[in-house]
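Reading through the structure tokens given below for one structure.
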Amino acid sequence: MRIARFSHNESIRFGIVDEGELVVLSGDPMFAGFDTTGERVPLADVALLAPVIPRSKVVCVGRNYRDHAAEMGNDVPTAPMLFFKPNTSVIGPGDAVALPRHSEFVSYEGELAAIIGRIAKNVPASRALDHVFGYTIANDLTARDWQKSDGQWARAKGFDTSCPLGPAIETEFDVNGSAVITTRLNGEVRQQGPISDMIFSLAEIIEFASAAFTLLPGDVILTGTPAGVGQITAGDIVEVEITGLGLLRNTARPA
Ligand code: MG
């Protein structure tokens, strides 16, 4: 099932994507179930929004693909390398990425995102995926110069608009399958790698993260990026596509 959050006639609602239309839901399906209002709206008539606004946090994993760690000159980590993005960093499909003032180099990073659906604390990897509501696409935009100068990654990874999510949540995606992440910059392929290349699986990431802090329904986990990251500048169009999840497109503009 594919679930979209959308704006239509000045109201924000959720719907199930069904052949070019949205079957409108009466509430947020993560908390209110899948009751429908009986209404159907053509997809062409709505603006898609970020399919989830993280309840408390976006948890991200750095250097989770060997070829990306290598291209940045880093060793492969021996445990998941976690950092946060604030929920104010989230934007939706088609929204503009506002390149922050005073950064000279912002990079795209196409990533698979998982949305947590049940409270997770001290969850073993064997039960971790039971806590996932669904999957979507993310772009972990990074001010690479700030990442180097600051030591900490809060500013580099957490600036407003640094976390595009969408276009929808797919509940039946196989996270241990053969899906491929492809990132295009102005139509040209820059990143292409199978999610099976992740060093730490999503289940292992949830186990590791939930041993330290509670994951809440609506929290989002970004699982790392394959090789091929690079700079975006004002006017650039970045598209991240994942097999079975659709395509997330955003354009960059000055802040
Ligand atoms: Mg990343």
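Just follow the structure's listing: the first ligand is 1, and inside any ligand the first atom is 1.
Under the 4.0 Å criterion applied to side-chain N and carboxylate O atoms, Glu172 and Arg2 are not assigned as salt-bridge partners.
The number of heavy-atom neighbours closer than 6.0 Å to CZ of Arg66, taken from other residues, nucleotides and ligands shown, is 12 or below.
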Please table the atom pairs, donor to acceptor, closer than 3.5 Å between any side-chain atom in residues 40-63 and protein atoms at least two apart or in another chain.
{"residue": "Arg40", "atom": "NE", "partner": "Glu21", "partner atom": "OE1", "Å": "2.6"}
{"residue": "Arg40", "atom": "NH1", "partner": "Asp18", "partner atom": "OD2", "Å": "3.4"}
{"residue": "Arg40", "atom": "NH2", "partner": "Asp18", "partner atom": "OD2", "Å": "2.7"}
{"residue": "Arg40", "atom": "NH2", "partner": "Glu21", "partner atom": "OE1", "Å": "3.0"}
{"residue": "Ser56", "atom": "OG", "partner": "Asp219", "partner atom": "OD1", "Å": "2.9"}
{"residue": "Ser56", "atom": "OG", "partner": "Asp219", "partner atom": "OD2", "Å": "3.1"}
{"residue": "Lys57", "atom": "NZ", "partner": "Thr214", "partner atom": "O", "Å": "2.7"}
{"residue": "Lys57", "atom": "NZ", "partner": "Asp219", "partner atom": "OD2", "Å": "2.7"}

Let me have the donor-acceptor pairs involving side chains of residues 243-255, under 3.5 Å, with sequence neighbours excluded, atom names and distances please.
{"residue": "Thr243", "atom": "OG1", "partner": "Val180", "partner atom": "N", "Å": "2.8"}
{"residue": "Thr243", "atom": "OG1", "partner": "Val180", "partner atom": "O", "Å": "3.4"}
{"residue": "Arg249", "atom": "NE", "partner": "Glu239", "partner atom": "OE2", "Å": "2.8"}
{"residue": "Arg249", "atom": "NH2", "partner": "Glu239", "partner atom": "OE2", "Å": "2.8"}
{"residue": "Asn250", "atom": "ND2", "partner": "Gly92", "partner atom": "O", "Å": "3.0"}
{"residue": "Asn250", "atom": "ND2", "partner": "Asp95", "partner atom": "O", "Å": "2.8"}

Give every donor-acceptor pair under 3.5 Å between a side-chain atom in residues 7-15 and any protein atom, sequence neighbours left out.
{"residue": "Ser11", "atom": "OG", "partner": "His8", "partner atom": "O", "Å": "3.2"}
{"residue": "Arg13", "atom": "NH1", "partner": "Glu39", "partner atom": "OE1", "Å": "3.0"}
{"residue": "Arg13", "atom": "NH2", "partner": "Glu39", "partner atom": "OE2", "Å": "3.3"}

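Closest heavy-atom contact between Leu141 and Pro164: CD1-CD, 3.6 Å.
Residue-and-atom listing of protein N/O/S atoms under 2.8 Å from the Mg ion (ligand 1), sorted by chain and number: Glu109 OE1, Glu111 OE2, Asp140 OD2.
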